[in-house]
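Written below as structure tokens is the structure these notes are about.
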Amino acid sequence: MARALINVPAKAKRGDIIEIKALMSHPMETGYRTGPDGALVPRDIINRFICTYNGEEIFSADLFPAIAANPFFSFTTIAMESGRIAFRWIDDRGQAHLETAEIAVE
Amino acid sequence: MNRVLKGFAQAAWFGGALSLSIPLAFAESPLSERKSGFEFMSPESQATQQDDFSNPGMLWVAEGEALWNAKAGATGRSCAGCHGDAAVSMKGVAARYPVFFAGSGRPIDLQSRINVCRKTNQDATPFPLESRELLALSAFLGKQSRGMPITTGEDKRLEPFRARGQELYEQRQGQLNFSCANCHDGNWGRKLASSVIPQSHPTGYPLYRLEWQSMGSLQRRLRNCMVGVRAEPYPYGSQEYVDLELFLMTRARGMPLETPAVRP
Amino acid sequence: MSRKPRPVGTSRREILAAGAGALALIVARPARATPESMADAIKAFVGEAEVREGRVTLELPALVENGNSVPLTVKVDSPMTAQDHVKRIAVFNERNPQPNVALFYLNPRAGRALVSTRIRLGDSQNIVAIAQLSDGTFWSDKAELIVTLPACVES
């Protein structure tokens, strides 16, 4: 099932600054909302998001309930060498996800 | 004579068409006067809709694609197994729904049509209306027609149902005693609380509504408008909704489909 | 829609009144972030350091159609070199139940200090972004946001 949409350019020139976009499927339940039974719906948000480039961290974030449902991030990195850009995130239920994208750098 | 017929009779009279024995043609407003809900949105919401890597509706489209290719039901067949590449077989399909369905002698909308295949061709349990799966498949099929003009309503057998939809659209209802037309024909472009009232062209369904923080069908949107005027909403899947959908889609003919759209 | 203009028995005033009725929402709110709790959260992030205005640009729409999803971009004027770069960017709000929005960790591999996301805001309020640079200094920008309520929401 689609957990995320990741946009990394397939190709780049060495030294180029490229934009990376990540869109993740998640309700980002705040923990402040009541359900139909009147009880608080337990908090369940993605609380940590990490992006690595050939194993080295290039960007990460600690997240709070004020991040919108189906979280979206964009950030930049310098195209260094061909390889794999990996995206990992973890939510309050301890569910961890991994998505990867390949980039060819010349 | 009810208001609807009176309106038609007047239109026919103004148009010089004297014979009322032929089925009354449905007067479409000129395309140039019609506006999609997109045009009433902020530049930020418009940008979100237009960037496929930012539009959350694309998450459902991607999920729908996975479902399209997945084997399901007792037959173990996937949608793709019979229909092949959706970009070819489903191109333009969503743009002409609801269609007349001989099996029931009534119009059927896209979500229910998908469920017909699920039941009869896959021998699987139909997806509940508004379920993530059904929205995902509808969004995926809708996306195959993105940018194509809406063509709903060509089949003559649809006419009585479209007329019924129009009647519902023009009938006052709810504690606030408003018709859909009061807002969407008579007051579009004006503000209701802080929202701009659109013309209610259903060009982008299913769509991602920021208020829902999720994807939803046109029926869900209509339900919101009914609750808004303090009317008792119809149950999901009711004939009233399908007739309204048919009327709204026919009224939007020629406008490009935007699925998956974004709305506030 | 019929082509001729249809008389509509509804004045604008009635519509607006209806809108007010349709929007009579009753919301039980939890304890919420206040300007003071935001100040505490900022203190936890910067410690005793001074926070200066400048170098940071916080971009938010002037008017928000729906507080459930508000696009936010933070830019910091920094060369992003090994010697001089942004290490962290924190975003705070005044009136959500909690003062923290997000904390971003950057390094010179970013090439540029530029991050976008979408946030939730229950109310009109001030948003603050603070960047911590590699030299230990803190810089900030602030934006005021007007959040409006949508019509015809589910009960």
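Every chain is numbered from 1, with letters handed out A, B, ... down the list of sequences.
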At a 4.5 Å cut-off on heavy atoms, which part of [X] comes close to chain C: side chain, backbone, both, or neither?
{"X": "A:Ala69", "answer": "both"}
{"X": "A:Pro71", "answer": "neither"}
{"X": "A:Tyr53", "answer": "both"}

In the structure I gave you, are the side-chain heavy atoms of [X] and [Y] within less than 4.5 Å of one another anywhere?
{"X": "A:Tyr32", "Y": "C:Gln98", "value": "yes"}
{"X": "A:Thr30", "Y": "C:Arg120", "value": "yes"}
{"X": "C:Arg118", "Y": "A:Leu23", "value": "yes"}
{"X": "C:Tyr105", "Y": "A:Phe59", "value": "no"}

Quick check on C:Pro71 against chain A: is it the side chain, the backbone, both or neither that has a heavy atom closer than 4.5 Å?
neither
Heavy-atom contact with chain A under 4.5 Å, split by part of C:Asn68:
backbone
Could you tell me the separation between the [atom1] atom of [X] and the [atom2] atom of [Y], rounded to the nearest 0.5 Å?
{"X": "C:Asn107", "Y": "A:Ser60", "atom1": "CG", "atom2": "OG", "value": "9.0 Å"}
{"X": "C:Arg112", "Y": "A:Ile18", "atom1": "CZ", "atom2": "CD1", "value": "11.0 Å"}
{"X": "C:Ser69", "Y": "A:Phe72", "atom1": "OG", "atom2": "CZ", "value": "10.0 Å"}

With a 4.5 Å heavy-atom cut-off (strictly below), which parts of residues 130-142 of chain C touch chain A? List them by number.
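Checking residues 130-142 of chain C against chain A gives no residue, so none.
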If you count heavy-atom pairs under 4.5 Å with chain C, which of A:Asn70, A:Asp16, A:Ile67, A:Ile20 comes out on top?
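The option with the most such pairs is A:Ile67.
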Using a 4.5 angstrom heavy-atom cutoff, name the option from A:Met28, A:Lys21, A:Glu19 with the most pairs to chain C.
A:Met28
A:Arg84, CZ: over 12 other non-hydrogen atoms inside 6.0 angstrom
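Incorrect, the count does not exceed 12.
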Using a cut-off of 6.0 Å, state whether more than 12 heavy atoms not belonging to A:Arg88 lie near its atom CZ.
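No, CZ of A:Arg88 has 12 or fewer neighbouring heavy atoms, counting only those of other groups under 6.0 Å.
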Mark yes or no for whether A:Thr77, through its side chain, and C:Arg109, through its backbone, hold a donor-acceptor pair below 3.5 Å.
yes
Whether the side chain of C:Thr117 engages the backbone of A:Phe73 through a donor-acceptor N/O pair (distance < 3.5 Å, no angle test) should be reported.
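No; judged by distance alone, with no hydrogens or angles, the pair does not exist.
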If you tally heavy-atom pairs under 4.5 Å against chain A, which of C:Leu106, C:Ile119, C:Thr73 wins?
C:Ile119
Provide the closest heavy-atom pair for C:Ala110 versus A:Thr76 in the form atom of the first, atom of the second, distance.
O-OG1, 2.8 Å
For the student: nearest non-hydrogen atoms of A:Ile17 and C:Gly111, plus distance:
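Result for this residue pair: CD1-O, 3.6 Å.
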